[in-house]
Amino acid sequence: MTKDQAFTSVPGATFTNTKSSSFQHKCKLAEKAEKADRKLRRRQRYVEKNGRCNVQHGNVRETYRYLTDIFTTLVDLKWRVSLLVFILAYAITWLFFGLIWWFIAYCRGDLDHLEDRTWTPCVNNLNGFVSAFLFSIETETTIGYGHRVITDKCPEGIILLLLQAILGSMVNAFMVGCMFVKISQPNKRAETLVFSSHAVISLRDDKLCLMFRVGDLRNSHIVEASIRAKLIKSKQTQEGEFIPLNQTDINVGFETGDDRLFLVSPLIISHEINEHSPFWEVSKRQLEKDEFEIVVILEGMVEATGMTCQARSSYLVDEVLWGHRFMSVLTLEDGFYEVDYNTFHQTFEVPTPSCSARELAEAAARMDAHLYWSIPSQLDEKVEEGTEKENLTKEINGTLSSAESEQVLLE
């Protein structure tokens, strides 16, 4: 008898225990794999923390549409590509017109009469392609050194000079405009608009609220700032249609005007979880199992340039802390308010019910109903007690009066 069989008198019990233990081990492994898979899926953001949208467009067949709006296409290019296009635009036009100037001189025979003083060329001192290329640069950039100059005996050169001057002005306007717009884009202004690293859920005025914090690091403010929030979560309709990454609006004060911000100091944006909220039936336990993403969008005009700026961020399920509250960052100093950004992302735990907002509202309604019905019942009890005392007093008075009358009759 083995050591395992000494603890049981049933044959095959050792095999059963081993089988159950291996089954439990497999279940644990499967649970760990599921958690790891869930973590991997949660890491796949729709919008990154820095605001970059994690979406790539593939199989776009109608690429000609990008060329119909070539200005926006050039502005949206990366800086290295934009600089390359900027250099090529000028270099190609210079080379193109330089080749035409050289071709005119070649066709007229100017290159064969370089030493002939009686010959009137189209362009003075143009003796090859290099000099034609330099003359093209001088013409388009209006430098005008004076060594190479067009003569009045060359009508085709005069027409080409007009064309190059007009086309050069158009190239200058287009490319300088693209670079100016690209330099003045307010994308970098969004780098100084910060969002808290976590969102929190806690009680505010006895109501569950989803909150996050925004701040502006610059002294120049964002004018007409407004905040929006979207819930990104896949869902399935009653007809069986699956909608991936469905967007649901999260009310952060649109009806009351609280979504329009005066962003001088960091503000805590609050979403009240009521019956219209997508988190109405979400409890703490369900929040840990759910998968969604909250995208927050801050928009406004840059005070220095007047251009519209947009900053974005997002919060995954792991970044929503239940039962936490943000620490204060604002202190009153001598004659001014000071913002301490060291505590901008810090939170602390507060007592918060783990039930959903719906369950909390139902419990509050039951308590109010109990108080509503208990107060009249207590008043009725008091009225009944007063009536009983009055009746008892009357009975006592009646008894005393009858006894006194009998005594008078006997006397």
Side-chain angles (χ1 to χ4, degrees), residues 52 56-116 119-191 302 304-305 307 309:
R52 184 180 65 87
Q56 296 183 0
H57 301 280
N59 298 326
V60 180
R61 298 180 180 179
E62 299 178 350
T63 55
Y64 67 91
R65 295 181 180 272
Y66 294 105
L67 298 178
T68 57
D69 188 13
I70 187 64
F71 187 84
T72 306
T73 302
L74 292 176
V75 171
D76 290 340
L77 291 176
K78 295 182 178 180
W79 266 108
R80 56 180 178 268
V81 181
S82 296
L83 291 175
L84 179 62
V85 172
F86 185 83
I87 295 172
L88 288 177
Y90 285 101
I92 290 174
T93 54
W94 294 339
L95 287 170
F96 175 73
F97 283 102
L99 182 62
I100 296 178
W101 285 115
W102 174 83
F103 183 74
I104 291 175
Y106 177 79
C107 293
R108 293 182 78 255
D110 295 342
L111 302 179
D112 299 329
H113 300 82
L114 296 177
E115 302 298 332
D116 189 358
W119 182 264
T120 304
C122 183
V123 179
N124 291 327
N125 301 314
L126 195 150
N127 52 16
F129 177 75
V130 176
S131 59
F133 176 69
L134 293 176
F135 179 71
S136 174
I137 296 176
E138 295 174 13
T139 302
E140 189 167 334
T141 57
T142 66
I143 295 176
Y145 290 116
H147 182 63
R148 281 174 287 271
V149 61
I150 189 172
T151 61
D152 56 356
K153 303 298 183 180
C154 183
E156 61 271 21
I158 297 174
I159 295 174
L160 181 61
L161 179 65
L162 295 175
L163 290 176
Q164 187 173 6
I166 296 172
L167 185 61
S169 299
M170 294 174 63
V171 171
N172 285 332
F174 189 81
M175 298 310 301
V176 172
C178 287
M179 297 303 294
F180 176 78
V181 172
K182 192 170 183 64
I183 292 172
S184 60
Q185 273 186 320
N187 295 340
K188 295 302 179 182
R189 180 63 177 89
E191 298 292 335
V302 182
T305 62
M307 301 185 70
C309 172

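Predicted model only: the values in this text are computed from it and were never measured.
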Would you say the side chain of [Y] lies within less than 4.5 Å of the side chain of [X], judging by non-hydrogen atoms?
X    : Y    : result
Y90  : N172 : yes
F174 : F71  : yes
L74  : K182 : no

Roughly how far apart are [X] [atom1] and [Y] [atom2], rounded to 0.5 Å?
X    : Y    : atom1 : atom2 : result
D110 : W101 : CG    : CH2   : 11.0 Å
M170 : I166 : CE    : CD1   : 9.0 Å
I183 : M179 : CD1   : CE    : 5.0 Å
S136 : Q164 : OG    : CD    : 4.0 Å
L134 : F129 : CG    : CZ    : 10.0 Å
L163 : I158 : CG    : CD1   : 12.0 Å

Worksheet item: Okay, side chain of T151, backbone of V123: is any donor-acceptor separation there less than 3.5 Å?
Response: no
Would you name the heavy atoms of [X] and [Y] that are closest together and state the gap between them?
X    : Y    : value
M307 : S184 : SD-O, 3.2 Å
L114 : L126 : CD2-O, 3.9 Å
R148 : N125 : CG-O, 3.4 Å
L161 : T139 : CD1-CG2, 3.1 Å
V81  : L77  : CG1-CD1, 3.7 Å
S169 : A165 : OG-O, 2.9 Å

Item to complete: Could you label the plane-to-plane angle of the F133 and W94 rings as parallel, tilted or perpendicular, counting under 30° as parallel and over 60° as perpendicular?
Response: perpendicular
Practice prompt. Evaluate the ring planes of W102 and Y106, with Trp represented by its six-membered ring, and classify them as parallel (under 30°), tilted (30 to 60°) or perpendicular (over 60°).
Written response: parallel
